[in-house]
Structures are given as structure tokens and as C-alpha cells.
Undergrad: 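Handing you a structure now.
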Amino acid sequence: MLKIKNLHASIDGKEILKGINLEVKAGEIHAIMGPNGSGKSTLSAVLAGREEYEVTAGSVSFGGKDILELKPEDRAREGLFLAFQYPIEIPGVSNINFLKTAINETRAYKGMEPVSAKEFLAMVKEKSALVELDAKLANRSVNEGFSGGEKKRNEIFQMAMLNPKLSILDETDSGLDIDALRIVAKGVNQLKSPTNATIVITHYQRLLDYIIPDFVHVLYNGRIVKTGGKELALELEEKGYDWIKELI
Amino acid sequence: MHQFEYLKMENKKLEELQQVIVQPSNPKKDQLLETFKSLDYSVEGEYYQNLRKEALAEIAALELPTSGTEFWKYTRLGKIVNKKYQVVKGKIDSIQPFLIPNLDANIIVLINGFYNAELSAITEQDGIVISSLSEAKQKNVEQLKSTFNQYTKNRNELFLAINNAFHTDGVYIQIGKNKIAEKPYHIINITTHDNILAQTRNLFVADKNSSVKIIESFVNIHGKENFINSVAELIVGENAFLEYNKIQDKNEENYTISTEQVYQNANSNFTINTATFNGALVRNNLTIEVDASNCETNLSGLYLGKNNDHIDNHTIVDHKKPHCNSNEIYRGVLDDSSTGVFNGKVFVRQHAQKTNAFQKNNTILLSDDAVSNSKPELEIYADDVKCSHGSTTGQIDEEAVFYLQSRGVSRKSAINLMINAFAKDTLEKVSIDALHNYINTKIEERFA
């Protein structure tokens, strides 16, 4: 599904990613862990198409397409979803309205008819229940006045509505209390299917108690320096990131 | 003289004013005044003719504003005053294009500054006087004398004085004591030919405990380089409610100077919503005198500039008495080489304790060539008040655009979603649903 080969990226002339190689197949959950500043968020930003980052070498193919050539909206329409570490507040723009626009533009991109009002409302009802997001919040301006937990649940709600092939959760667990974390994880697990995949980017092992990864990668200084199964996360938790630094 | 000094001048007698040195003649000013040479007011009573004569003295004492005139600093009048105009009655076949869908309202039609009875459609209501201003003057309507021109004298604004002296016609609405207007009044103010100078003059009076909603749309068919210099006086009586909605939608080759003088009595509630969709030069001068306690004042404005539009809103809210609230929000979206100007001034006089006055101006610039001039001002003489003012000018938030794009929304749609939200938020005080929908639809059409 996703093939990243020797990806180098920099911002303002400073190289952050220094040769990432990663393959994600349908049905898999990958966790990317690493200390602060290792390039975790840069990787998700580059995949989603943020313009500030310059890709200096390497390739990313998603569903067989070179997504580095695509605009951010077209990457989303191809089935890539990024749950933001810091979801943006957009005053006045209704959550529901913009999701309807997003879904219909995605459908148009695929040559499909727009979603009917009835179908859409049913979807909103079902998916907001999944993440226990109050229907009132779903109708409000995007993230405006939401608590930290509500913002993260709103990210998963949007993910559920858009039904992506590949979801990248960028530190979705940071700042969440244990109840919010459970709700978010439950949402992610329920959306899991043999045809989609998830990349969980996290600093802490805690989230991986709830979302069980098939693979754990350790990102350090712009490269994946170690890959293992879910037990690697536990080992990291126990030994700390200094252990990784010593390994290299 | 500076506009803001008008308050100090209030009590000056006209005689004194006439002793002000008459300004030397200015060919452009003379050319403008020449336009009115043929007008004949002999059918009006002596009282009203004298008011016009008094205004002539005002005109003589006032110069054409220049870029050196503080109150007109950001708005050059060259476009307007370098042209020759005519005052002529016009005809149109249908007002259909200017009606607001699903709005059940009394319709009053003004063409080129003249009242048109055939196209107007008014349901009479007991206790409400509605007629053309000229008819009200001729019939010598009792209450007219005590209200007409009372708040527009000696304001040191040339264009206001010109309207005082040479207005053609307009609408007089007086809502009697305890009366609630059953339907809104929709005034359609149309210009039809090239180089028309229309000077409409309205007077709206809401007596004690009354309530009324008024819409005035300024539109045109055909015609370019029209200049409308309109004036409205609005008097809100004790415990009365008056909502005035102003839609400026003339095409881009037209010029507007529009003045509202508002006077609020005790416990009254006044709301003005101004939506400006176009205009080569639009200047709105809004002055609200809150001269009694416990009043509520809302003033909102939305201006959407494109091409070379120039849209200027000058507002004054003058809190003279305690325990009043005012909320002001003006928002602009400026594209291409358009210019927006906002100058809002809130006075809180010494006696106006416990005033809450809030003022905001936010502008989004959609192009590198668009210009916003914003000057929010507070002048506070009381010591127990809550006041704030603020101004922002910026581009669309790129972080937010990216967020929406990352969900599959195109860049263009993302920007439009955000502009729509920004613009629609501004006029939420419009209480007439059909009008609210109409304005929102126009915003959507603009940013679709």
C-alpha cells in the first residue's frame, strides 16, 4: 500500500529526514516511535503534503501512485488521512459542512455521485457515536472551543467519516487522559479492516497497549534505526531512548 | 474643521455660522452645485424652504474635502467631483430583479432620487404614517417639523449639507406610539441612466414603545458613473426598536456617499446592518447619538471589495448617558486592487458611566494589491466603563487551509469555506430571515 524509499526531506535548508525506508501493507498497524526531534512529525507532514518541507531525495508510492507529485487534497482523495498532533481551530466553518464538502469532492474525484443528505446524516450519527463525540460538537465550528480530548476525538470522527485506506495518527495520544485515550483507541480498532492500514506515531508506549501494532519502528535522527514486533515498544519503555542512542 | 468637533459646535447658532468666512469658489464644487440649478422647491412650505436656505449657508462655508482633510484622508473624491451630473426622473419596467425572495414586505421604490408610486406596494396600517417625503412636507404632516432635519444641521460635512439643501425626495416613515409594524419596509433605491446624481432623503421615526424593521437596497440598472448622495435620519423613541438594513449593490462604476444620523432615546434598541457588495467609491458616514440611558446599539458592516472598488465606512457612536451597550463589528474581504477603509470612533462622555462599548474591525486581504486602512478609536471621559476596540488585517490562515485540504477539500473550496464563514458571521444581527438568506446567498455566489 505505502512504499517509502530512501526519503530525504528538509525544511529551511536543514535536513530532517535522512533516508527513510518503510513499507506498509493492507491490514497492518505500524508504530513509529522515537525521541523528540527525531523526525516523526516531519514524516507525517511530508506524507500529507505540507509545502514547507522540501523532498530532496527518495520516493513515496501509495497505492501504486507517486504521491509526492499530488496536491494535499488529492493525497486525501486517494485515501491518505493524517490525524493532526495539534488540530487546527477554524472559527465559523462548520465541522459537518466541511466534511460534506470533503466527501463530495472526494467522490467527484473518483467519478462518483455526491452523497445524499439522508445517507450523510446517517453516517454522521453512526460515526460520532463511535468516538462518543456529542452530536452538538459534530455540528459546531471545526475544533473551536473543543477541549484537547474533544479535538482528538474529532480527528478520529473525521477519519471514520472519510474512511481512508491509510491513516497516520500523529501523536494522537499526547495530552489525553486515560478515558479519552481508550475512546480514541476503540475508534481506531473498530475502523481497522483487512483493506486498510494505520501508522501510529507516538512518543509513549502507553497507546500501544490499546492499539496493538504489528510492527514497531524506532526513528532516530531522521532514520529508522530499529524495527521489531510489539515487544520492541515495551523494551523501549523499559530501557528508554538512550538505549537506542547507544545501539548506533 | 474636523468632523469630530461637531459636538462642540452643536449649540452654535446658525447666525454665527453664517459669519464663518465663505470659502472662495472652487470650480469643482461649483460644477457640482450647478447640477441642482434647475430644481424648484416652490411647492414646499416656507419652513422647509428656509431649511434649504440655511443649508446653502453651510455649503458656502465648507470646502470640498481633500486628502489633507483628516476625515477624508483615505478616500479621494476625484472620481466623484471631476464629473458632470444631471438630476432627472427615470423609469423602469419592473422591480422584480431587486426583490428579496420570500420576503413579505411593504415595497417603496425610489428612482434617481424620486418617489415612484406605481411601483410601490404599501399595506396601510393604523398608527403608521408612510409617504414620500415631498408629500409629507406638502401635507404639512404634524410631526414632521419637529423631527425633519433636526439631527443633520451644521455637521460640517459638505455632502450632508448638499443633501440638506438639494435633496429631491425620499421616504417618511413614522411608527406611532405602541405600534408594531406588521411587515418590514423594503425601500428600493434605484438609479437608471449615466451620470445621474440622486439625492434621496429619508426620515424614519419610531415613537415610544414602537417597533419597525427597514431594508434599503441601493441598486442600479444600466448606467455608469452615477453618484448617489443619500441621507437618512433615524429617530428611535423611548423603548422603541428600530432595525435598519442597508444593502449596497450598485455596479462597480457607481459612486455613493451615504449618511445616517441616528438619535436614540431612553431604553431604545437600534441595529444597523450594512452589506456592501460593490462600488467604485462607497463612503458611509454613520453617526449614532445615544442620548439617554439603558440603550442598546448594534452596528455591523460587511464589505466585499474586488477590482478597483473603494469602500469606506466611517462610524461614530456617541455615548452621552450611563448604562448603555454598543456592539460594533465591521468586516471586509478585499480582493484584486480594492481598498477598504474603516474608521470607527466611540465617544464615552463624562456622564456615560457603566457604558459597555465594543468595537471590532477585521479584514482579510485576498490579493497582494488589496489595501486595508483601519482606524478604530475610543475617546473615553468616564471612569467606570467597559470598552474595547481592535483591528486585524491579514491573509487567510494557511494552517487552516492545509487542514481542510488534508481532508480532501480543494484549496479553492477551503479558502471559500473560510471566507464564507468569516463574512456570514458578520451580519448575524439581521433578524429578517429572508434577508439573512439573501445576503448569505450573495456571499456564497461571490465566493463559490
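Computed from a predicted structure; not experimentally measured. Lettering follows sequence order; numbering is per chain, from 1. Computation of the quantities below employed the complete heavy-atom set of this structure, encompassing side-chain atoms and omitting hydrogens, waters and symmetry-equivalent molecules.
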Undergrad: Any idea which of B:S410, B:S413, B:A414 has the most non-hydrogen atom pairs under 4.5 angstrom with chain A?
TA: B:S410
Undergrad: Kindly check if the number of other-residue, nucleotide or ligand heavy atoms within 6.0 Å of NZ (B:K354) is above 12?
TA: no
Undergrad: So, do B:R407 and A:E105 sit near enough that their side-chain heavy atoms are less than 4.5 Å apart?
TA: no
Undergrad: Could you go through B:E398 and A:E52, starting from their C-alpha distance and side-chain angles, then the distance that decides it, and tell me whether this counts as side chain to side chain contact (heavy atoms under 4.5 Å, CB included)?
TA: CA-CA 11 Å; B:E398 282 295 333; A:E52 305 91 284; over 6 Å; no
Undergrad: Kindly give the heavy-atom pair with the smallest separation between A:P91 and B:A421, and that separation in Å.
TA: O-CB, 4.0 Å
Undergrad: Quick check: are there more than 12 heavy atoms from other residues, nucleotides or ligands sitting under 6.0 Å from CG of A:D66?
TA: yes
Undergrad: Spell out the residues in residues 69-90 of chain A that have some non-hydrogen atom less than 4.5 Å away from a non-hydrogen atom of chain B, in order of number; otherwise answer 'none'.
TA: A:P72, A:E73, A:A76, A:R77, A:L80, A:F81, A:L82, A:A83, A:F84, A:P87, A:I88, A:I90
Undergrad: Return yes when atom NZ of A:K3 has more than 12 non-hydrogen atoms of other residues, nucleotides or ligands closer than 6.0 Å, and no otherwise.
TA: no
Undergrad: Are more than 12 heavy atoms from other residues, nucleotides or ligands located less than 6.0 Å from atom NZ of B:K360?
TA: no
Undergrad: Rounded to the nearest 0.5 Å, how far does CG of A:N97 lie from CG of B:L417?
TA: 7.5 Å
Undergrad: As an exercise, state the distance from CG of B:N420 to OG of A:S94, rounded to the nearest 0.5 Å.
TA: 12.0 Å
Undergrad: Could you look at B:F422 and say if it's the side chain, the backbone, both or neither that has a heavy atom under 4.5 Å from chain A?
TA: neither
